[in-house]
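In what follows, a single structure is set out as structure tokens and then discussed.
Worth knowing before you read on, the calculation uses all heavy atoms, side chains too, and leaves out hydrogens, waters and symmetry mates.
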Amino acid sequence: MSTGDLTLQPPADGISSLTFSPDSTRLLVSSWDGTIQLHHLVAPPQPPVIFSHPAAVLTATFGSSSTVAFSGGLDKRVRQWDFETGQCRVLGKHDDAISSLVWFPEYNVLITTSWDSTLKVWDPSAETPLRSTQPLPARAYNLSYAPKSARLLVSMAHRHVFVYDVAKLAAADGEISPSQERESALKFLTRSIATMVDGKGWASGSIEGRIAVEYFDPADQGSKYAFRAHRQNVDGVDCVYPINALAYHPVHNTFASGGSDGCISIWDHNAKKRMKLYSKYPTSISALTFSPDGSKLAIGASYEHDNAISRPEDQGRVMVLIKDTVMEDCKPKTKA
Amino acid sequence: MGKKKRTQAFVIKPWCWYCEREFEDDKASEIETLQVSAMPKEVESYSTSLTNTLPGRDGYDIEIFGMEGVPENAVAEWKSRKEAEAGTAAMAAAAAASRPRQSYTVIPEADLQAALEQHKKLMAARNNPAPIPTFPPFGAAPPQFPAGPPPGFRPPFPPVGVPPFPPISNSPIPMGSPAGLPGVPPTPPTFVPQTSTPVPVQPVEVLPPKDGVMWPDATASPAEKRAQQPRYRYTSPTPDGETEEGSGVGKKRKAAADFL
């Protein structure tokens, strides 16, 4: 077990997502064991409050306050949770599992994507919450929101990437076309995406150990690049691991990547340099998220069922950790 | 889900003849013995006695390497000593385990009366055509159906290391064993036997690693394949899900009630 990380009580099965509350005091963990678990980050660590679902949960996020959250997963339903009363409300459903959801505090809307190849916009305060359904060319995997440039990034199967203008998307009551239809810079399936804090671009990670840095502005197309990461030589074979998690540091605009090899690295996309490689974790990194104040990095480690972990005892291992040295670790080195 | 009882075989661990320390394996004893003697053979000439040894065992007349060369009578003596220790310990443990937790005091009249009343009630209930379950199902878990806490809600802060609730055997998703103490890695999720009709097991086709690439499948993500595993498969309680309200747990739980 790595040193220096705060350990929280993990769920019973793999971690699918981690998210901090807007005030950085709570952490919400969603898990394949069919629960979302709410941690109050106080010392000493307390067991989480657990809210169960009828099927595995793939994604969860906080609303505008730390007492409201949304979740979705294999049961296809979009749920709104009130943590004060423990009440749950189903806003509606997709035709397949919900892969990702994002809350937009500026517009008070929730956007969900699913393996049913659609994107849906929800207004939880309305009588009928569903505002619009946008068709997508393939099964959607990830969403990432860049508030600075009001852009929403959607990554899909077959390397499709859509960029939406959030203001238009939130207001639309019918189908609208995305502002950009792109193809991933990586040759393999997109596994993770994260938008830059300055809203200029994003990083994406593929299942084939590669990270790409791309920019929204079509004029910046020339500056996109990709590099290899999360690979290691095991018994003479160069093993290539999926990159499961990417997260941008909210203050320093550098990003962390986590792979099925159990490693976490911090990268500076401007300097094109790795700034930090943390000691290897005993199982795959499933999810990473920085707290909005930039002081903490939450790490979810569990087997991703992607052949990367072979020992059964490590496949069953689930860890939720908090690293509180990231404010320093993610600071870009100034040129002397 | 009881814990498997471990039968402990009686093993004589490697030990050091000089200082009578026990070691986990042979290698350690070799190293440690040398540390005790602080003396490779070469220095024999300028040292007359060994340090850190038991009295009477500080000479060089016996040459020991690892567990080889220890005097036979010493080995036999050690063995009998260890057996005696283990024997008494095992006997004490067995006695503690087998002793029923009962008090042999006189049962008060009132208790006997209460027990009789309970028994009478039970017998009456049995003859009654409409049986009412008098015992909370599944151990100490509060009733989950039909009324109970809000669907999908678990009480906050379950005691650390204790499962929040015992998993319901008919639960749509198999719950793994509970998360352990912070810092203790949880045991791998175990499958809860299904009391309802078993789901036909269809193996999920996952491409094995190719040329070192862990996930060579370019058509589906690991999560999509994982969702096809029988343990994660979810069937909507209603075909279109239109009539469903709440967390969707209710339907399943009602089925469990019917089962009882």
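Counting all heavy atoms, side chain and backbone alike, B:G212 lies closest to A:V237 at CA-CG1, 3.8 Å. Taking each heavy atom of A:L189 and B:A218 in turn, the nearest pair found is CD1-O, 3.5 Å. Looking at every heavy atom in both residues, B:A227 comes nearest to A:W115 through CB-CZ3, 3.8 Å.
With a 4.5 angstrom heavy-atom cutoff, B:V206 touches chain A only via side-chain atoms. Only the backbone of A:Y303 comes within contact range of chain B, with at least one heavy atom under 4.5 Å from a heavy atom of that chain.
To the nearest 0.5 Å, the span separating CH2 on B:W215 from CG on A:D306 amounts to 7.0 Å. To the nearest 0.5 angstrom, B:D211 atom CG is 10.5 Å from A:D238 atom CG. To the nearest 0.5 Å, atom CZ of residue B:R226 and atom CH2 of residue A:W32 are 5.0 Å apart.
Side-chain atoms of A:N307 come within 3.5 Å of backbone N or O of B:M214 as a donor-acceptor pair.
Residues that satisfy the side-chain contact (heavy atoms from CB on, under 4.5 Å) test with A:S17, not counting sequence neighbours, are A:S30, A:A60. Partners of A:D314 according to the salt bridge (Lys or Arg N to Asp or Glu O under 4.0 Å) rule, which considers only residues two or more places apart in sequence or in another chain, are A:R311, A:R317.
Under the 4.5 Å side-chain criterion, counting only non-hydrogen atoms from C-beta, A:D13 is in contact with B:Y232.
The candidate with the highest count of non-hydrogen atom pairs below 4.5 Å against chain B, out of A:H158, A:E304, A:R191, A:R139, is A:R139.
For the pair B:R231 and A:D33, the salt-bridge criterion is not met [side-chain N within less than 4.0 Å of a carboxylate O].
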